[in-house]
Number of protein chains: 2
Amino acid sequence: MDKDQQAEQARRYHHGNLVEALVAATIDIIEERGVEHVSVREAAKRAGVSPGAPFRHFRSKTALMTAVAEQAMNRLTEAVAQASADAEGGDPLAVFEAIGHGYLRWAMANPTHFQIISSRTLIDFNSSEVLRHQNEAIRQQMINLLADARQSGRIADDLDFDQVLLGARALVYGLARMAIDGHFPEWNVAGPEAMHHTLHLFMAQIAQR
Amino acid sequence: MDKDQQAEQARRYHHGNLVEALVAATIDIIEERGVEHVSVREAAKRAGVSPGAPFRHFRSKTALMTAVAEQAMNRLTEAVAQASADAEGGDPLAVFEAIGHGYLRWAMANPTHFQIISSRTLIDFNSSEVLRHQNEAIRQQMINLLADARQSGRIADDLDFDQVLLGARALVYGLARMAIDGHFPEWNVAGPEAMHHTLHLFMAQIAQR
DNA sequence: CTCCGGTGTAATCGGCGATTACATTTTTGG
DNA sequence: CCAAAAATGTAATCGCCGATTACACCGGAG
């Protein structure tokens with residue numbers, strides 16, 4: 001029976017999968033009360049474990065947050081890969097744009113994960129191989145796509161490569177952060193479509209005419 | 001003598017200008033140790049006052065942070081007005097762009113203030129008349145300038161007004177946040193000039209050709 | 001079956017936001 | 001001019017937090 005299993009679970013001295021449970025609990029806390037209300041104690045309580053237990057698995061609160069960030073980065077990588085795969089066969093610039101749309105869709109669907117990844121103060125970004133490598137992989141993919149687009153003459157000749165890259169990145173990041181930071185109400189942005197239209201406008205301006 | 005005055009100051013029961021001192025102390029803390037390490041106690045200590053004293057002037061920590069945000073918003077308004085005044089006489093689109101550059105310059109020169117203003121979780125943005133009104137004033141100025149530009153035929157006809165507005169805003173905001181969030185090292189952004197070049201590129205793309 | 005490494009508990013520390021009762025100073029009105 | 005009131009700061013306290021330590025418990029390798 002479920003009840004017996006639950007009682008059994010509660011009686012067990014060892015949790016069994018505390019690491020995952022703590023990460024999940026942390027996500028829940030952020031979604032319910034915001035990232036600033038995360039506490040290791042609260043996460044421990046939700047995992048049904050004593051306040052000190054988490055420190056067997058995470059050296060510090062920052063280490064726990066970093067684990068959450070790594071889960072987030074894994075999912076972002078997956079989302080970007082999916083968007084990229086869906087656009088396969090299109091020209092490089094179309095795939096490039098598709099990644100941007102995928103990034104935005106993912107950020108809107110997972111605001112908590114996005115928030116943790118984008119901040120470099122809550123977590124020690126550089127101390128994590130996962131975070132650095134996956135982040136760099138996505139960045140390189142964008143660079144390669146844009147380089148391909150330029151080589152095949154799909155980008156207007158008078159545009160500087162680095163500026164186009166930085167512009168596209170800043171636009172997508174700015175849109176996502178405006179949404180997460182709660183700026184959309186004051187800017188009368190109706191829905192997610194507005195973001196995608198704006199990104200498409202930018203890409204159309206970049207393309208060779 | 002200064003020493004006597006200082007001793008006199010230290011001996012005084014009433015601080016004299018605790019509100020300002022607390023706001024200044026809070027800014028110092030953020031600059032030294034980051035926004036997440038702000039504590040009312042620390043601010044009180046730096047102002048040379050007991051831990052409970054600040055609560056005579058600020059109902060909560062959030063209220064203190066809101067006061068800091070209002071100071072920041074005042075300065076941003078001033079910076080935008082200055083940038084706008086400097087570009088007076090140029091066509092509306094040039095003034096529009098100048099505001100963007102002014103916004104970026106201000107954010108880079110006052111990262112602490114920018115960070116507080118842009119977050120809507122650390123402060124209760126809507127509870128402050130100052131924050132809402134000044135923010136809306138800047139927004140309206142941008143809308144008006146862009147409307148003027150469109151009316152005088154300086155914007156390409158096939159572009160949607162709202163998308164251009166949102167795009168410009170998101171680009172500037174994204175650039176500022178990438179800088180503050182520490183994304184520039186990984187994107188190999190050399191200096192502040194890169195941001196300004198990228199913004200200028202966007203504006204050039206928008207302009208009627 | 002018995003160690004022993006891994007895991008969770010209990011107790012503790014200093015710091016925090018916040019509230020309260022109290023002390024002191026400044027202001028003000030008769 | 002001076003006492004009462006308003007304003008401002010202090011001290012003590014509460015519950016929660018991150019983090020550390022000593023101890024208890026479990027479960028698998030020998």
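Chain letters run A, B, ... following the sequence lines, proteins first and then strands; every chain starts at 1.
Side-chain proximity of Ala53(A) to the nucleotides dA18(C), dG8(C), dG18(D) is greatest for dG8(C). Listed nucleotides: dT9(C), dT10(D), dA18(C). Nearest to the side chain of Val49(B): dT10(D). Of the candidates dG18(D), dG9(D), dG8(C), dG9(D) carries the atom nearest the Leu18(B) side chain, counting heavy atoms from C-beta on. For Lys61(A), counting side-chain heavy atoms from C-beta on, the closest listed nucleotide (dA19(D), dT19(C), dG8(C)) is dA19(D).
Classified by interplanar angle (parallel below 30°, tilted 30° to 60°, perpendicular above 60°), the ring pair Tyr103(A)/Phe114(A) is perpendicular.
A cation-pi contact, defined as under 6.0 Å to the ring centre and within 45° of the axis, links Arg139(A) to Trp187(B).
For the OP1/OP2 pair of dA10(C) and a distance below 4.0 Å, the side-chain nitrogens and oxygens of Ser50(A) include no atom meeting the criterion. Under 4.0 angstrom from either OP1 or OP2 of dG6(C) there lies no side-chain N or O belonging to His57(A).
Not a single donor-acceptor pair under 3.5 Å links the side chain of Arg120(B) to the backbone N or O of Asp181(A). A donor-acceptor pair under 3.5 Å is formed between the side chain of Ser127(B) and the backbone N or O of Asp124(B). In this structure, the side chain of Arg46(A) does not engage the main chain of Leu22(A) through any donor-acceptor pair within 3.5 Å.
In this structure, NE2 of His37(B) is placed 12 Å from P of dG18(D), rounded to the nearest angstrom. The distance between atom CD of Glu36(B) and atom C1' of dC17(D), rounded to the nearest whole Å, is 15 Å. Atom CD of Glu20(B) is separated from atom C1' of dT8(D) by 17 Å (rounded to the nearest Å). As a whole-Å value, the separation of Arg41(A) CZ from dG8(C) P is 17 Å. Rounded to an integer number of Å, the gap from CZ of Phe55(A) to P of dC13(C) is 17 Å. Whole-Å rounding puts the Leu22(B) CG to dG9(D) C1' distance at 12 Å. Between Arg33(B) atom CZ and dG15(C) atom P the separation is 11 Å, expressed in whole Å. The distance from atom CD1 of Ile29(B) to atom C1' of dG17(C) is 14 Å, rounded to the nearest whole Å.
Heavy-atom distances to DNA chain D give each of Val38(A) and Arg56(A) a nearest nucleotide, and the one nearer the 5′ end belongs to Val38(A).
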